[in-house]
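In what follows, a single structure is set out as structure tokens and then discussed.
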Amino acid sequence: MTKKISMMIALLLMTGCATLSKDECLNADWYMIGFEDASNGYALDRIGQHRKACASVKVVPDMTTYEEGHRKGARQYCTRERGYSEGARGNAYRGICPLDLVDTFMQAYRDGQDRYQVKKQLDDIAMDMVSIRHRIEEIDADIAYHEGEIISEQSDSDARAEHLRIIRELRYELSGLQIELVNMEEHHYRLEGDYHHLLNQHRRQGYQ
């Protein structure tokens, strides 16, 4: 059974990695495949993955036709608008733009990257603040528990001393986290202002 499951997982992984199905290989329009690959930002070496995907049905990609479609698709991809959106999504640029389009595309791509980086910082800080707030809640609950144990009739002097020691440590940690949270909130507020300023600047430049 274990062996059968392993084989099924391996098959699923192989299928997931294939760029084309067997039917797509057998009925391939290599011009359109090249066009679509370039339109999605893939470089010419994408055809190597197609070659592997189609090897099982003994179909060899038509490189010349694929390159023709890829050149056409690259011109559709390498626009100012697409450059900005690719950069803003944090997508990689694979160097496919022709010389007459690359400068315009790359300037927009870098502007989009600026937006992506600031947004990523905002998201990272927000996640860190959520974690800190969660830890603060845990500490508050732990302190309440240990305070309850101190006044419990079942606790002797040694136990009460231990609970007090733990409370002091928790309050020390709590104080540090509260300071860190305030600093993070201030940083997030300032960065949010920078982000909206950047968006307004990009809108004035014609970006969506």
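Values below: all heavy atoms of this structure, side chains included; hydrogens, waters and symmetry mates excluded. Computed from a predicted model, the values in this text were never measured in an experiment.
Side-chain polar atoms of H134 and E138 form a donor-acceptor pair below 3.5 angstrom. Between Y84 and R115, the side chains place a donor N or O and an acceptor N or O closer than 3.5 Å (distance only, hydrogens not considered). A donor and an acceptor atom, one from each side chain of Q107 and D103, are nowhere located under 3.5 Å apart. Donor-acceptor pairing under 3.5 Å is lacking for the side chains of H202 and D114. Judged by distance alone, the side chains of Y31 and D62 never bring a donor and an acceptor atom under 3.5 Å apart.
We find that E149 and R160 are not joined by a salt bridge, their nearest charged nitrogen and carboxylate oxygen being 4.0 Å or further apart. Ionic pairing of E169 and R165 is present here: one or more N-O contacts between side-chain nitrogen and carboxylate oxygen are shorter than 4.0 angstrom. Looking at D123 and K119, a side-chain N of the basic residue comes within less than 4.0 Å of a carboxylate O on the acidic one, giving a salt bridge. Salt bridge E67/K72: absent, no basic N to carboxylate O contact under 4.0 Å. In summary, R190 and D194 do not engage in a salt bridge, as defined by a charged side-chain N under 4.0 Å from a carboxylate O. A salt bridge is defined here as a Lys NZ or Arg NE, NH1 or NH2 lying under 4.0 Å from an Asp or Glu carboxylate O, and R171 with D140 fails to meet this definition.
Using modelled atom types, no side-chain atom of R135 and backbone atom of V130 make a donor-acceptor pair closer than 3.5 Å. Side-chain atoms of N40 never come within 3.5 Å of backbone atoms of Y42 as a donor-acceptor pair (strictly under, hydrogens ignored). Proximity of a side-chain donor or acceptor of Q201 to a complementary backbone N or O of L198 within less than 3.5 Å is not detected.
What you find for L122 and E192 is that their closest heavy atoms are CD2-N, 3.7 Å. Taking all atoms of both residues into account, the shortest heavy-atom contact from A53 to L20 is CB-O, 3.7 Å.
R133 is not listed as a side-chain neighbour of D128, based on a closest heavy-atom distance of 4.5 Å or more.
For the atom pair CD of E24 and SG of C54, the computed distance is 8.5 Å after rounding to the nearest 0.5 Å.
Under the 4.5 angstrom side-chain criterion for Ile, Leu, Val, Met, Phe, Trp and Tyr, the cluster partners of Y77 are Y93, I96, V102, F105, M106, Y109.
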